[in-house]
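Take a look at the structure set out below.
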Amino acid sequence: MEPADRPSEIVAPYDPGQVETKWRTRWAERGTNVADIADARRPYYALMMFPYPSAEGLHVGNMFAFTGNDIFARFQRMQGLDVFEPLGYDAFGIHSENYALKVGVHPAEMIPRNIANFRRQLERGGLMVDWSRSLSTTDPEYYRWTQWVFLQLYKKGLVQKKAGAVNWCPTDKTVLANEQVINGECERCGSKVEQRFLEQWYFAISSYAERLLHNLDTLDWSETTKTAQRNWIGKSEGAEIWFDGIKVFTTRADTIYGATYVVLAPEHPLVDAHTTESQRAAVEEYRARAARRDLVSRKTTKDKTGVATGSTVTNPATGEKIPVWISDYVLMEYGTGAIMAVPAHDERDLEFAHGFELPVKKVVLEDETLIDSGEFTGMSVHDAKRAIVASLAARNKAEPVTNYRLHDWCISRQRYWGPPIPIVYCDDCGVVPVPEKDLPVVLPFIEDFKPDDSGISPLARHDEWYRVPCPTCGKMARRETDVSDTFLDSAWYFLRYPSVGNNDVPFDPTITKKWLPVDSYIGGNEHAVLHLLYSRFVTMVLSDMGLIDFEEPFTKFRAHGLIIREGAKMSKSKGNVVNPDDYIDTWGADAFRTYLMFLGPFEEGGDFRDKGISGVKRFLDRLWASVRDSVQDGAPDVEVQRKLHATIRKVGEDIPRLSYNTAIAAMMEYMNALRKGDRVARRSEVEPLVQLVAPFAPHLAEELWEQLGHTTTVFESTWPVFDPELLTQDEIELVVQVNGKVRGKIRVARDIGSDEALSIALADPGVSKFVTEKPTKIVLVPGRLLSIVV
RNA sequence: GCGAGGAUGGCGAAAUUGGUAGACGCACCAGCCUUAGGAGCUGGCGGUUAACACCUUGGGGGUUCGAGUCCCCCUCCUCGCACCA
């Protein structure tokens with residue numbers, strides 16, 4: 001369609017409310033944002049972390065993240081890709097349930113209301129979201145497949161019910177994953193976490209530790225995120241060494257000649273066997289005391305406590321008898337629950353040794369060579385580690401072992417608001433997984449969903465649901481009453497989006513092959529370990545089962561920064577939370593979006609200042625006015641033309657780098673040049689700018705694009721191309737430095753030689769007055785600067 | 001303690017990766033236009049100075065013709081992890 005000669009009559013001032021409503025309606029009517037899932041030729045999956053639909057409504061932090069993703073997605077679309085940008089709701093979980101309990105509304109009533117409000121707010125934000133494929137984790141058609149994922153892992157032998165010490169939150173009255181315990185406190189409510197011994201369902205994520213670590217090298221992720229995952233997986237290579245019947249784990253086998261005692265964790269099974277009669281009472285008392293200690297004080301105490309068992313074991317390297325102690329500074333969960341203590345070379349052992357006046361024997365010098373270490377004396381630490389383990393291994397006293405900090409993932413929650421774990425307990429058949437054809441195990445609507453102290457889910461109180469025929473033998477049996485961790489819901493949702501609508505399978509194989517893995521993923525770094533690690537794990541397992549043909553779900557991941565307000569963190573209690581609705585009402589979604597992206601680098605976040613948005617609004621107003629006033633004809637201005645092409649290049653380079661703030665600055669700069677003085681812009685100067693601004697301010701761009709005479713969406717137009725020829729000038733400004741200080745600027749030919757440049761520079765009195773002697777050195781940086789040294 | 005990332009005008013921030021520090025915007029100042037303006041337009045805006053100049057990217061040293069950028073030492077801030085042997 002040929003553009004009209006003049007923009008149609010848009011004398012009216014720019015009214016964002018009107019423009020935005022018009023275009024949101026059009027997009028919905030025309031299906032502009034609906035991806036062609038089946039037939040897309042160049043599929044591009046642009047994913048953002050889905051929000052928890054809180055009762056408070058959309059947070060500006062959500063809007064910031066989504067806008068950042070949306071700009072990238074819209075830009076990719078204008079590069080000719082078939083972009084799929086889905087969004088759903090992570091609506092199960094303790095957070096929703098606690099809130100529901102607090103306000104006395106059932107979550108099943110509250111959540112749909114919250115979702116409706118979120119949807120309204122998200123739509124106002126002008127996101128290119130394909131709402132035809134949205135989802136909520138609370139929908140039985142979704143969690144049916146969450147249960148299916150559980151069953152696949154179960155089938156693969158990666159799900160176990162284990163009794164053990166678990167983190168119990170006394171306020172939320174449920175078990176927490178290790179990842180949800182922060183400094184010994186519940187991540188959600190901040191209560192001190194207690195230890196309880198319960199039977200729980202675990203996913204064997206630790207058996208994937210090496211792959212989870214190794215694959216990180218292949219991923220295009222923010223380096224900070226990868227580092228956080230590496231630390232969390234916590235690989236350490238060492239050896240298990242036998243001190244008679246006690247097996248210890250160490251990464252410092254080279255220090256074995258300095259081992260002066262052995263320490264067992266209080267819960268270690270060999271404690272009894274190593275306790276002599278005379279020490280029995282003291283050891284028992286210490287164990288009891290240690291068991292009562294909460295995790296917080298245990299993890300922060302510098303004063304180490306412990307007690308001798310009275311028994312001794314043989315140091316396999318020296319043959320010496322050394323005493324056995326117990327202390328809670330040794331953790332049962334890590335390594336073998338026993339260590340060889342080398343006070344001279346381990347700070348914790350030293351603290352302990354000082355407390356009990358145990359000997360300290362130095363065996364490694366500052367330059368990392370061994371002393372007093374028998375045949376290994378004089379070796380380097382590096383060589384000795386291997387040599388000592390090899391020598392002990394020859395006598396069956398040691399073997400090299402790699403340990404990981406990563407623990408198995410406890411997915412049981414003794415709560416109501418989650419997908420029931422699809423397991424039935426039968427007196428005859430034992431543990432029976434619910435057959436896939438019987439899914440979903442629907443979460444019943446119950447009024448009294450309040451958890452109690454029993455460690456048993458509220459669902460157990462409902463016999464009509466709890467009692468169920470055994471799927472295998474038909475005899476009455478009992479359901480598992482725990483629900484699964486919310487993080488399981490979000491560990492596979494990206495597989496679901498493209499297949500939403502097909503309720504026969506969790507994800508359609510053909511569609512999945514076409515659209516996954518996710519091309520680009522944007523989200524918060526608070527999920528750097530939890531959600532991203534679990535998603536990678538589930539994906540790997542499904543891949544191993546041949547259900548998908550990739551083992552990493554997110555090819556590219558970028559973490560966005562955080563928004564603060566007027567220099568302070570936003571919080572409900574401070575009352576300084578930015579409500580997107582208010583700003584959109586006043587300034588329009590386009591200005592709000594653009595401002596959010598302008599206030600700082602996307603990956604770092606920024607400071608939201610109420611007055612700052614006016615500058616962005618002014619820019620959009622001027623864009624509107626420029627299109628309105630533009631003329632078809634006019635003298636071509638070489639400078640403006642050059643500026644335009646520089647801007648096209650800059651914006652095109654900045655968007656893929658998520659450097660949105662500088663892209664916007666470049667467009668503003670161009671706008672300033674465009675309207676310099678009384679200048680009236682030419683159509684050819686403003687039209688490409690409308691395209692450049694489209695990912696940021698989509699409604700306004702669509703409106704202006706239409707005003708310029710186009711009948712199809714600006715997002716199906718081709719991104720402007722810059723002409724490199726225009727960007728190289730024949731005559732350039734050369735900066736002249738004398739002894740490192742700028743003394744002048746000269747206009748010269750681009751490819752000028754240094755001799756000629758020097759003579760022109762010296763003709764400038766501002767330069768020559770500093771050149772008092774014959775220059776000793778001349779440095780010419782072509783096209784940039786001339787440095788004269790005297 | 002370990003790991004990662006920071007520190008640039010009154011403020012948010014830029015800086016083609018070693019080449020004019022402070023782009024762009026906010027705030028502020030002046031002018032124009034207005035009955036008026038918390039509107040619009042134009043210009044100014046790191047510090048010292050009458051000027052020439054000089055100083056200036058948390059502090060101190062170094063490399064270089066040239067350092068916000070590279071190297072060494074130090075201070076402070078933010079975020080992870082934390083008795084993981």
Side-chain angles (χ1 to χ4, degrees), chain A residues 182-184 222-232 234-236 238 248-252 255 263 265 298-302 304 327-331 333-342 345-349 351-352 403-407 525-526 528-529 562 564 566-567 595 598-601 603-604 606-616 618-619 621-622 625 646 649-650 653 659 661-672 675-678 733-745 769 775-781 783-790:
Chain A
I182 311 295
N183 287 332
S222 307
E223 211 43 54
T224 51
T225 311
K226 289 206 227 180
T227 305
Q229 292 222 345
R230 286 192 190 102
N231 290 344
W232 191 263
K235 178 175 182 171
S236 67
V248 307
F249 175 73
T250 182
T251 55
R252 293 296 307 273
T255 63
V263 189
R298 194 176 142 183
K299 281 185 176 168
T300 51
T301 306
K302 280 276 174 216
K304 300 205 170 3
S327 172
D328 66 358
Y329 86 90
V330 173
L331 308 176
E333 316 81 87
Y334 188 76
T336 60
I339 61 152
M340 63 175 203
V342 188
H345 301 290
D346 184 289
E347 217 179 303
R348 297 152 302 178
D349 295 344
E351 283 165 14
F352 189 80
N403 264 322
Y404 300 90
R405 239 193 47 143
L406 182 66
H407 287 62
N525 226 350
E526 69 273 16
V529 284
L562 295 176
I564 56 172
E566 310 283 342
Y595 178 54
F598 184 60
L599 45 79
E603 291 177 77
E604 285 166 38
D607 191 2
F608 192 102
R609 289 178 179 262
D610 289 359
K611 288 192 169 165
I613 195 170
S614 61
V616 167
R618 226 181 325 262
F619 165 66
D621 284 340
R622 301 215 286 167
R649 177 169 74 176
K650 176 94 178 122
E653 283 170 356
S659 185
N661 55 334
T662 54
I664 295 165
M667 290 188 282
M668 287 174 164
E669 219 179 320
Y670 176 59
M671 171 65 74
N672 292 342
R675 291 170 68 83
K676 183 104 180 148
D678 299 335
E733 186 180 74
L734 200 64
V735 172
V736 182
Q737 290 186 346
V738 181
N739 288 341
K741 286 195 157 62
V742 178
R743 298 300 184 184
K745 291 156 196 178
K769 74 175 174 183
T776 55
K777 188 170 180 181
I778 304 292
V779 179
L780 177 74
V781 183
R784 274 198 179 283
L785 129 167
L786 177 72
S787 184
I788 305 167
V789 190
V790 295

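Since the model is a prediction, treat every value here as computed from it, not as a measurement. In the text below, chain A, chain B and the rest are named by the order of the sequence lines, each starting its count at 1.
Ranking B:G3, B:U20, B:G12 by closeness to the A:Asp607 side chain, first place goes to B:G12. Among the nucleotides B:A85, B:U20, B:C65, the one closest to the side chain of A:Phe249 is B:A85. Minimum atom distance to the side chain of A:Pro601 is reached by B:A14, of the listed B:C83, B:A14, B:G3. The side chain of A:Trp232 lies closest to B:C81 when the candidates are B:C81, B:G19, B:U20. When the nucleotides B:A4, B:G12, B:A85 are ranked by their closest atom to the side chain of A:Thr224, B:A4 comes out on top. For A:Asp346, whose side chain is taken as the heavy atoms from C-beta onward, the closest listed nucleotide among B:C83, B:A85, B:G25 is B:A85. Listed nucleotides: B:C24, B:A85, B:G19. Nearest to the side chain of A:Val781: B:G19.
To the nearest 0.5 Å, the span separating CD1 on A:Ile788 from NZ on A:Lys741 amounts to 14.5 Å. For the atom pair A:Tyr329 OH and A:Glu351 CD, the distance stands at 9.0 Å (nearest 0.5 Å). Summarising the geometry, atom CG belonging to A:Asp346 is positioned 9.5 Å from atom CE belonging to A:Met340; distances are rounded to the nearest 0.5 Å. With rounding to the nearest 0.5 angstrom, the OG atom of A:Ser236 is 2.5 Å from the OH atom of A:Tyr334.
Using a 3.5 Å distance cut-off with no hydrogens or angles, the side chains of A:Asn525 and A:Thr225 do pair a donor with an acceptor. There is a side-chain donor-acceptor pair under 3.5 Å between A:Thr662 and A:Ser659. At a cut-off of 3.5 Å, with distance as the only test, no side-chain donor of A:Arg405 or A:Asn231 sits close to an acceptor on the other residue.
If you check every strand for non-hydrogen atoms under 4.0 Å, A:Leu785 touches a base. Backbone-only engagement by A:Arg743 is indicated by non-hydrogen atom pairs under 4.0 Å involving sugar-phosphate atoms exclusively. Residue A:Gln737 is in base contact, counting any heavy-atom pair closer than 4.0 Å across all strands shown. Across all strands shown, A:Lys650 has no heavy atoms under 4.0 Å from either base or sugar-phosphate atoms. The residue A:Arg405 sits close to a base: some heavy atom pair falls under 4.0 Å. Within 4.0 Å of A:Ser787, counting heavy atoms only, lies at least one base atom of the nucleic acid. Here A:Asp349 lies out of heavy-atom contact (under 4.0 Å) with every strand.
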side-chain contact (heavy atoms from CB on, under 4.5 Å) assessment of A:Thr776 paired with A:Val790: CA-CA 5 Å; A:Thr776 55; A:Val790 295; 5.8 Å; no

Derivation of the side-chain contact (heavy atoms from CB on, under 4.5 Å) call for A:Met668 and A:Val616: CA-CA 9 Å; A:Met668 287 174 164; A:Val616 167; 4.1 Å; yes

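Atom P of B:U69 sits at a distance of 38 Å from the matching atom of B:C83, rounded to the whole Å. To the nearest whole angstrom, the two P atoms, one in B:G19 and one in B:C29, are 37 Å apart. Look at the P atom in both B:G46 and B:A51: the space between them is 14 Å, to the nearest Å. Across the P atoms, B:C33 and B:U42 are found 15 Å apart, a figure rounded to whole Å. The P atoms of B:G43 and B:G80 are separated by 46 Å, rounded to the nearest whole Å.
Taking the O4'-C1'-N9-C4 or O4'-C1'-N1-C2 dihedral as appropriate, B:G44 has a value more than 90° from 0 and is therefore anti.
Regarding A:Asn231, its CG atom lies at a distance of 13 Å from the P atom of B:G80, rounded to whole Å. B:G19 atom C1' lies 16 Å from atom CG of A:Asn739, rounded to whole Å. The distance between atom CG of A:Asp610 and atom P of B:G38, rounded to the nearest whole Å, is 18 Å.
Below the 3.5 angstrom threshold, one finds no donor paired with an acceptor across the side chain of A:Glu223 and the base of B:G5.
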Bracket string, RNA chain B, 5' to 3' - pairs by Watson-Crick or G-U geometry under 3.5 Å, | interstrand: (((((((..(((......[....))).(((((.......))))).(((....)))..(((((..]....))))))))))))....

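At least one side-chain nitrogen or oxygen of A:Asn672 sits closer than 4.0 Å to the OP1 or OP2 atom of B:G25. Close to B:A53, at under 4.0 Å from its OP1 or OP2, lies a side-chain N or O of A:Lys769. For the OP1/OP2 pair of B:A85 and a distance below 4.0 Å, the side-chain nitrogens and oxygens of A:Tyr329 include no atom meeting the criterion. When the side-chain nitrogen and oxygen atoms of A:Asn661 are compared with OP1 and OP2 of B:A14, one or more of them lie within a distance under 4.0 Å. Neither OP1 nor OP2 of B:C26 sits under 4.0 Å from any side-chain N or O of A:Lys611. Contact annotation: A:Ser236 side-chain N/O to B:A85 OP1/OP2 distance is under 4.0 Å.
The ring pair (Phe, Tyr, Trp, His ring centres under 6.0 Å) test applied to A:Tyr595 returns A:Phe608, not counting sequence neighbours.
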Heavy-atom protein contacts under 4.0 Å, nucleotides 40-49 of chain B, coded B base, S sugar-phosphate only, - none: SS-S------

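Residue order along RNA chain B, read from the 5' end via each residue's closest nucleotide, puts A:Thr662 first among A:Ala666 and A:Thr662. Toward the 5' end of RNA chain B, the nearer of the two residues A:Met340 and A:Glu733, judged by each one's closest nucleotide, is A:Glu733.
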